[in-house]
Structure formats: C-alpha cells, structure tokens
Amino acid sequence: MKQTLIEKLTRALHSLNYPEVKVLVQPPKNPEFGDLSSNLAMLLAPKLKMPPIQIATSIAAFLRENDEDDFIKAVEAVPPGFLNFTVNKNFYTRHLKTILKQARSYGRSAIGKGKKALVEFVSANPTGPLTVGHGRGAILGDTVCNMLKWNGYSIQREYYFNNAGRQMRMLGISVYERYRELLGEKINFPSDGYQGDYIQEIAEKIHAEYGDSLRESPDSPVFRKTAEASIFSNIENSLARLGLRFDSFFNEQQLYDNKAIFDLLDILRDKGLIYEKEGATWFRATAVGREADKVLIKSTGEPTYRLPDMAYHISKFERGFDLIIDVFGADHVDTFPDILAVVKSLGYPQEKMKVLIHQFVTILKDGEQVKMSTRKANFITLDQLTDEVGADVVRYFFIMRGMSTHLNFDLDLARDQSDENPVFYLQYAHARVCNIIKRAEAAGLQVDAESDLSLLQSDIELKLIQRLLEFPEVILMLHDSMEPQQLANYLQTLATVFHKFYATERVITDQLRLTAARLVLTEATRIVLSNGLEILGITAPARM
RNA sequence: GCCCCGGUAGCUCAGUUGGAUAGAGCAACGGACUUCUAAUCCGUAGGUCACAGGUUCGAAUCCUGUCCGGGGUACCA
C-alpha cells in the first residue's frame with residue numbers, strides 16, 4: 001500500500017521535472033489527515049526555491065489527474081506542505097485476499113534471496129550454566145535469524161567457544177578440589193575458582209565413577225573433560241528448552257590446529273602492524289585508528305583471546321557469507337573495534353559485518369538487584385528463569401525491549417503478574433481468532449477468500465485491514481534495523497486493534513454475506529499473528 | 001581521564017530513522033459479561049521528553065556542552 005503510493009509519487013516527480021528525493025510516506029498519527037501522508041514537498045522546497053505548499057499543490061493536482069487505477073480517493077495539500085492521502089476503500093479489501101492466498105508465507109520479502117548469513121551468538125565458554133545475560137543474547141540472536149530468514153536469507157547459526165586456556169584450567173581445578181572434599185580431605189579452594197553447586201555435582205559424578213583413584217591426580221584430564229561435557233550438555237539443554245538450535249559450533253582450538261592464528265600474525269607483521277615489546281607481541285592498533293595498542297601474545301607465549309578472535313572473524317569472511325552478524329553483550333564492546341580494524345586492513349569488505357550489542361539484564365528479586373557473576377555463582381540461571389515463567393514469556397521479555405536499553409527483569413513481577421503479561425495478550429488474540437473460526441466451521445461456514453469484502457466498511461474493520469497490510473513493511477523494516485522489538489510492538493498494536501474489533505463487531509451473525517467477509521478478515525488476522533509469533537519463536541495457541 | 005549505551009507519566013518502556021495535538025502496559029479511580037473466551041473492551045487521571053545552548057519551515061529524535069545511571073578502558077574472556 002505504502003509502496004504503491006511511493007511509486008506514484010516518484011512518477012509524479014519525474015513527470016513534473018522535479019529533482020529526485022527520498023520519498024517518504026507514513027500513516028499520520030492523526031486520522032483527520034487521511035490514511036497516508038508525505039512530506040516530500042517540504043524536502044523539495046529548498047531545492048526548487050519555491051514555497052512547499054505550492055509544490056504540494058501541484059503534485060496533488062497532478063495525482064488527481066493521473067490516477068489510472070483509482071487508488072487515491074482524495075489528496076490534499078496542507079500547510080506547511082504536507083500531502084495527505086485518503087486511499088480508496090476497495091483497495092484495502094482487494095489486498096485482504098492476498099493475505100489468504102499467501103498464508104504462511106505472507107510477509108516474506110525476497111531482499112536476501114540467494115544470500116547466506118552467518119549469525120554468531122551465545123558463544124559462552126563451558127564454565128557454567130547460562131545466565132539470564134546469555135539468555136538475552138541467545139533470544140536476540142535467534143530472533144534476528146528468524147527475521148533474516150523471512151527476508152529471504154539462508155542462515156547459519158554459530159556458537160563460538162574455547163575449551164582451552166586459563167578459564168578451563170580453573171574449572172578443572174575447582175572440580176578437583178570439590179572431589180577431594182568428597183574424599184574427606186581438607187581443601188584450599190582457589191579464591192578465583194568456580195563456586196557453583198554444579199561443580200559439586202560434577203565432582204560427585206566423578207567420585208561415583210572413579211572412586212578415590214584420582215586422589216593424587218590434580219592434573220588428570222578427567223576433571224576438566226567431565227566438567228566440560230556436563231556443562232555443555234546443560235547449556236545445550238537450556239537453549240533447546242527455549243527453542244534454540246545451532247547449526248555449527250566453532251571451537252577456538254581449530255584456529256591453533258590449522259595455524260590460522262600464526263598465518264594471521266605473519267600477515268599483520270608483513271603489514272607492519274606487529275611489534276615486540278617487553279617480551280610480548282603487540283598489535284599496532286593505533287596505526288589503524290584505535291586508541292591503544294593491544295597485546296596479541298603474552299610474554300608467557302600464550303595468545304590473548306584477541307588473536308584467535310581476529311582469526312575467527314577472518315574465517316567468517318573466508319567462508320563466503322554475504323552477511324556476518326555478531327551478537328554480544330555490552331561487556332564485550334571493546335573487542336570488536338580491534339577486529340574490525342584488522343578485517344579492514346586486510347582488505348575484507350567490513351560492511352558485510354554487523355555487530356549487535358545488547359545492554360545488560362538486571363534481575364530484581366525480592367526487590368533487590370542481583371549482581372551476577374558466573375564465578376561466584378550467585379546468578380540466576382536461564383534455566384531457573386525458564387522454570388519460573390516458561391519459554392514463551394522468557395523469549396518475549398528478552399525482545400520486547402530495544403537491545404540498547406538496560407533490561408530490568410523483575411522476577412517476582414514476571415511470576416506474579418503472569419496474567420497481565422503482554423505475551424498472553426498477544427497469544428489470547430490468536431486464540432480468540434482461532435475460536436471464532438472453529439465456531440464458524442462448526443456451524444458449517446468455511447473461510448472463503450472470494451467473499452464480498454466490500455462489506456467491510458466500519459472504521460475498526462478498515463483499521464484492522466490497514467494494520468494487516470503493514471506486516472510486509474514491518475518485515476522489511478526489521479531487515480534494516482535488526483530490532484526484534486519493533487515486531488513485538490507491531491503485533492501488540494495489531495492485537496489491540498483486533499480486540500477492539502472483537503468488542504465492537506460480531507463476526508458470526510445471521511447475515512451470511514457479512515459473516516463471510518468478516519471471516520476472511522478474521523482468518524487474515526490469524527495468519528499475520530501466527531506468522532509474527534513464529535518469527536518471535538513464540539507458540540500461537542489455538543485455545544487458552 | 002577517554003570510549004560505548006541509556007535518561008520520556010509514580011513504575012517498566014514505545015516513539016515507524018526530522019513531521020502535524022508525545023503513546024502503551026502496570027499501578028489508581030469509574031464503567032461493560034444472558035453474547036464468537038472478560039487473559040478482553042470503554043472511560044478518568046497522570047508530562048518542563050535530565051539540563052542549557054545550537055542547526056531549520058519543524059527537534060523527544062541531529063550537533064555541542066553539563067549533570068545522573070550502567071558498561072568498557074587487562075600480558076582475563
């Protein structure tokens with residue numbers, strides 16, 4: 001609908017010999033101003049050196065005379081220079097049919113057709129259960145994948161992790177100490193060891209299997225390996241409960257094995273971006289616009305996380321993706337500019353890479369903020385959250401806020417007020433819709449796309465249709481913004497309009513033709529709600 | 001110190017990329033079930049869009065500065 005008008009306006013500009021500008025069309029907030037509105041006369045004014053109202057008037061006149069398909073019912077030029085359009089009602093009803101025809105694919109765009117996207121998210125090392133912080137990244141990443149899929153992309157979901165290095169050594173030691181404790185020995189638990197109960201459980205498992213045979217073997221790989229396997233399966237399970245499944249797990253180790261990190265060092269050295277200082281190997285980040293140089297290899301000979309991280313991102317480019325997306329939390333904001341700098345200086349098309357950063361989740365429990373740390377284990381796990389409020393609510397809460405705002409998650413509120421929860425509002429709208437259709441079918445009425453839709457004339461009906469027709473535009477918008485919460489907001493307003501429609505008009509009446517038309521409208525609503533919920537990864541119940 | 005994110009109704013947050021009279025939900029108050037599901041709907045009340053300048057036809061939105069909150073600034077990840 002919007003697109004139709006944009007095309008018309010563009011043609012008008014051309015015919016009137018006006019310069020090209022970005023034509024923007026929006027539904028005005030105030031219904032008095034019609035269905036759609038454009039500000040382009042005001043954008044043209046400085047270029048043409050003419051008063052905007054005069055330009056608007058001539059565009060309006062042109063459109064009145066050149067509207068072959070009778071799309072525009074009325075067009076007005078209003079000071080200071082807005083163009084307000086009223087769209088012919090039969091245009092709405094005509095398009096309602098296409099929703100039924102396209103059904104489950106209604107809303108899809110082809111903008112990413114034939115393109116491959118790699119989305120990296122979660123990427124938590126297997127040192128403990130996923131926290132709510134990981135959860136936000138997980139749901140955000142997964143939803144972004146769905147959004148891209150609806151825009152035609154083929155998607156690869158990737159989880160990057162490191163099961164070597166200091167963190168994992170500490171994990172092994174922590175398990176070993178708990179194991180010795182089980183053997184009745186006095187232990188000196190490391191101050192920076194992992195203190196969660198899950199360490200205890202892993203130690204018990206090892207004790208059950210190995211008895212006391214590992215008493216004097218602090219370096220036995222059993223501790224670390226058992227912990228890693230146990231924690232990783234726990235992580236995968238937490239993710240699966242929320243409907244997440246990854247296509248690939250990329251282990252940092254392979255960048256050592258295939259020498260990728262050393263190759264990268266050579267290339268950077270050739271470019272003069274590497275130097276040695278105080279026994280360490282440094283990246284000359286200041287030469288590519290960064291504030292400070294960074295250590296890539298410590299004086300101990302061990303690489304920092306930065307080096308494999310860089311090599312990893314180069315592998316993403318080498319694997320031939322058209323779009324590369326990283327999702328991570330605000331605590332990692334400082335890592336990606338270095339990566340971008342490297343990617344850029346090696347000549348890779350950095351514009352293919354997008355970084356989505358989400359701010360922290362703060363959990364309020366019993367009115368108090370829970371400060372979270374994996375090591376100290378005073379966190380709320382993602383599993384606990386899922387237990388308390390369910391997968392749908394978890395998913396919805398994590399994407400209903402913009403990723404750049406700090407998310408306040410009041411546990412007690414989420415639990416106590418679950419009846420007032422916005423996700424139920426959405427799902428309830430869907431269930432209502434389904435129930436109406438079920439009722440109709442029970443009465444022998446089928447949804448028929450060829451019904452006389454011109455009978456849909458009331459304000460609320462037209463408003464509902466208008467909303468439904470916006471859905472494809474929303475999908476496209478998501479492609480540009482990558483903000484899932486825009487979809488959540490759209491679905492909320494759609495649900496509101498439907499609930500209002502439900503409260504004002506009856507669908508099933510003894511007027512057969514009107515009933516048929518309203519059934520089409522109802523079915524179209526079901527389609528859009530169901531498609532939208534699918535993108536959000538939330539179930540669309542037929543009854544509640 | 002420097003960098004990133006935020007500051008909008010009592011609370012949690014939207015605000016379609018600069019548009020016309022700033023919007024929801026919760027909390028408060030008052031209405032609507034003999035109806036296709038009241039997990040809903042209708043109404044009342046609630047605002048110096050942190051503050052001060054600037055840009056222009058027009059600013060919550062853009063630029064500068066200040067204040068407040070969070071994060072980062074490691075030879076941790």
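Letters A, B, ... mirror the listed sequences (proteins, then strands); counts begin at 1.
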**Asked** For the rings on F328(A) and F121(A), is their centre-to-centre separation under 6.0 Å?
**Response** no
**Request:** Using the P atom as the reference point in each nucleotide, state the distance between rG72(B) and rA77(B) in Å, no decimals.
**Result:** 15 Å
**Asked** C1' atom, rU55(B) versus rC4(B): distance in rounded Å?
**Response** 25 Å
**Item:** salt bridge (charged side-chain N to carboxylate O under 4.0 Å, His left out) against E252(A), all qualifying residues, sequence neighbours excluded
**Value:** none
**Message:** Side chain of V78(A) only, heavy atoms from C-beta on: which candidate in rG19(B), rA20(B), rA14(B) is closest?
**Reply:** rA20(B)
**Asked** Roughly, in whole Å, what's the span from CG in D338(A) to C1' in rC4(B)?
**Response** 14 Å
**Fill in**
Atom CD of Q359(A) and atom P of rG69(B) are separated, to the nearest Å, by 16 Å
**Asked** What orientation do Y160(A) and F250(A) show, parallel under 30°, tilted 30 to 60°, or perpendicular over 60°?
**Response** tilted
**Request:** Give a yes or no on this: more than 12 heavy atoms of other residues, nucleotides or ligands lie within 6.0 Å of atom CD of Q511(A).
**Result:** no
**Prompt:** Are side-chain heavy atoms of D35(A) and Q466(A) found at a separation under 4.5 Å?
**Reply:** yes
**Asked** Under a cut-off of 3.5 Å for both distances of each Watson-Crick or G-U pair, what dot-bracket string does RNA chain B give, using [ ] for crossing pairs and | for inter-strand pairs?
**Response** (((((((..((((.....[...)))).(((((.......))))).....(((((..]....))))))))))))....
**Message:** Students often get this wrong, so: under 4.0 angstrom with heavy atoms, is M544(A) touching a base, only sugar-phosphate, or nothing?
**Reply:** base
**Item:** Rounded P spacing from rC51(B) to rG7(B) in Å
**Value:** 13 Å
**Asked** Mind checking the C1' distance from rU44(B) to rU56(B)? Whole angstroms is fine.
**Response** 39 Å
**Asked** Does rA20(B) have OP1 or OP2 sitting under 4.0 Å from an N or O in the side chain of Q26(A)?
**Response** no
**Complete:** Taken to the nearest whole Å, CE/M400(A) to C1'/rU12(B) is 7 Å
**Prompt:** Does a nitrogen or oxygen in the side chain of Y425(A) sit under 4.0 Å from OP1 or OP2 of rC41(B)?
**Reply:** yes
**Item:** Phosphate contact (rG15(B) OP1 or OP2) by Q485(A) side-chain N/O below 4.0 Å
**Value:** yes
**Message:** Which is more 5' along RNA chain B, the nucleotide nearest K2(A) or the one nearest I508(A)? Just name the residue.
**Reply:** K2(A)
**Prompt:** Quick one: R290(A) CZ to rC2(B) C1', roughly how many Å, whole number?
**Reply:** 12 Å
**Request:** Would you classify S481(A) as touching base, sugar-phosphate or nothing, given that sugar-phosphate means primed atoms plus P, OP1 and OP2, and contacts are heavy atoms under 4.0 Å?
**Result:** base
**Prompt:** Would you say R269(A) has more than 12 foreign heavy atoms packed within less than 6.0 Å of its CZ?
**Reply:** yes
**Request:** Find the distance H406(A):NE2 to rC4(B):P and express it as a whole number of Å.
**Result:** 15 Å
Atom pairs under 3.5 Å, N or O on each side, protein against nucleotides 21-23 of chain B: can you list them with distances?
unit_1	atom_1	unit_2	atom_2	d
rU21(B)	O4	N30(A)	ND2	2.9

**Asked** Base, sugar-phosphate alone, or nothing: which one does H499(A) contact when heavy atoms must sit under 4.0 Å apart?
**Response** sugar-phosphate
**Message:** Strictly under 4.0 angstrom, non-hydrogen atoms only: write out the protein contact profile of nucleotides 72-77 of chain B, one letter per nucleotide from the 5' end, B, S or -.
**Reply:** SS-BSB
**For atom CZ of R506(A) and atom P of rC41(B), their distance in whole Å** = 18 Å
**Asked** If you take atom types as modelled and just measure distance, does the side chain of N84(A) reach the base of rA20(B) with a donor-acceptor pair under 3.5 Å?
**Response** yes
**Prompt:** Reckon E505(A) touches a base, only the sugar-phosphate, or nothing at all at heavy-atom distances under 4.0 Å?
**Reply:** base
**Request:** Ignoring the backbone of S37(A), work out which of rU17(B), rA20(B), rG6(B) is nearest its side chain.
**Result:** rA20(B)
**Asked** If we require ring centres under 5.5 Å and near-parallel planes under 30°, does F82(A) stack on rA20(B)?
**Response** yes
**Request:** List for me each residue that meets side-chain contact (heavy atoms from CB on, under 4.5 Å) alongside A124(A), sequence neighbours excluded, and say none if there are none.
**Result:** V122(A), L130(A), H134(A), Y159(A)
**Asked** Does the pair D334(A)/R290(A) count as a salt bridge with the N-to-O cut at 4.0 Å?
**Response** yes
**Message:** If the condition is side chain to side chain donor-acceptor pair (under 3.5 Å), which residues does N251(A) pass it with, not counting sequence neighbours?
**Reply:** N163(A)
**Prompt:** How long is the line joining CZ of R401(A) and C1' of rG15(B), in whole Å?
**Reply:** 13 Å
**Message:** Work out how far the C1' atom of rG58(B) is from that of rC42(B), and round it to whole angstrom.
**Reply:** 35 Å
**Message:** Could you tell me how far rG69(B) sits from rC62(B) if I compare only their P atoms? Round to whole Å.
**Reply:** 23 Å
**Fill in**
Syn within 90° of 0, anti beyond: rC33(B) is syn
**Message:** Taking any heavy-atom pair under 4.0 Å as a contact, classify Y490(A): base, sugar-phosphate, or nothing.
**Reply:** nothing
**Message:** Would you measure the distance from the C1' atom in rU16(B) across to the matching atom in rA22(B) and give it in whole Å?
**Reply:** 14 Å
**Item:** Ionic contact status for D293(A) with R284(A), cut-off 4.0 Å
**Value:** no
**Asked** Where does rU17(B) fall, syn or anti, if syn means a chi angle no more than 90° from 0?
**Response** syn
**Prompt:** Taking for each residue the nucleotide of RNA chain B bearing the nearest heavy atom, is the 5' side occupied by L36(A) or by P27(A)?
**Reply:** P27(A)
**Message:** For Q486(A), I'd like to know if atom CD has over 12 heavy atoms of other residues, nucleotides or ligands within 6.0 Å.
**Reply:** yes
**Prompt:** At under 4.0 Å between heavy atoms, what does G81(A) touch on the DNA or RNA strands: base, sugar-phosphate, or nothing?
**Reply:** nothing
**Under 4.0 angstrom between N408(A) side-chain N/O and rC13(B) OP1 or OP2** = yes
**Message:** Can you see whether Y502(A) has R432(A) sitting over its ring - NZ or CZ less than 6.0 Å from the centre and within 45° of the normal?
**Reply:** yes
**Asked** Would you call D326(A) and K354(A) a salt bridge, taking side-chain N to carboxylate O under 4.0 Å as the test?
**Response** no
**Gap in Å between the two P atoms, one belonging to rG15(B) and one to rA9(B), rounded** = 15 Å
**Message:** Without decimals, in angstroms, what is the distance between L407(A) CG and rG6(B) P?
**Reply:** 15 Å
**Message:** Is it the case that atom NZ in K49(A) sees more than 12 heavy atoms from other parts of the structure closer than 6.0 Å?
**Reply:** no
**Message:** Please confirm whether the ring centroid of H499(A) lies under 6.0 Å from the ring centroid of Y425(A).
**Reply:** yes
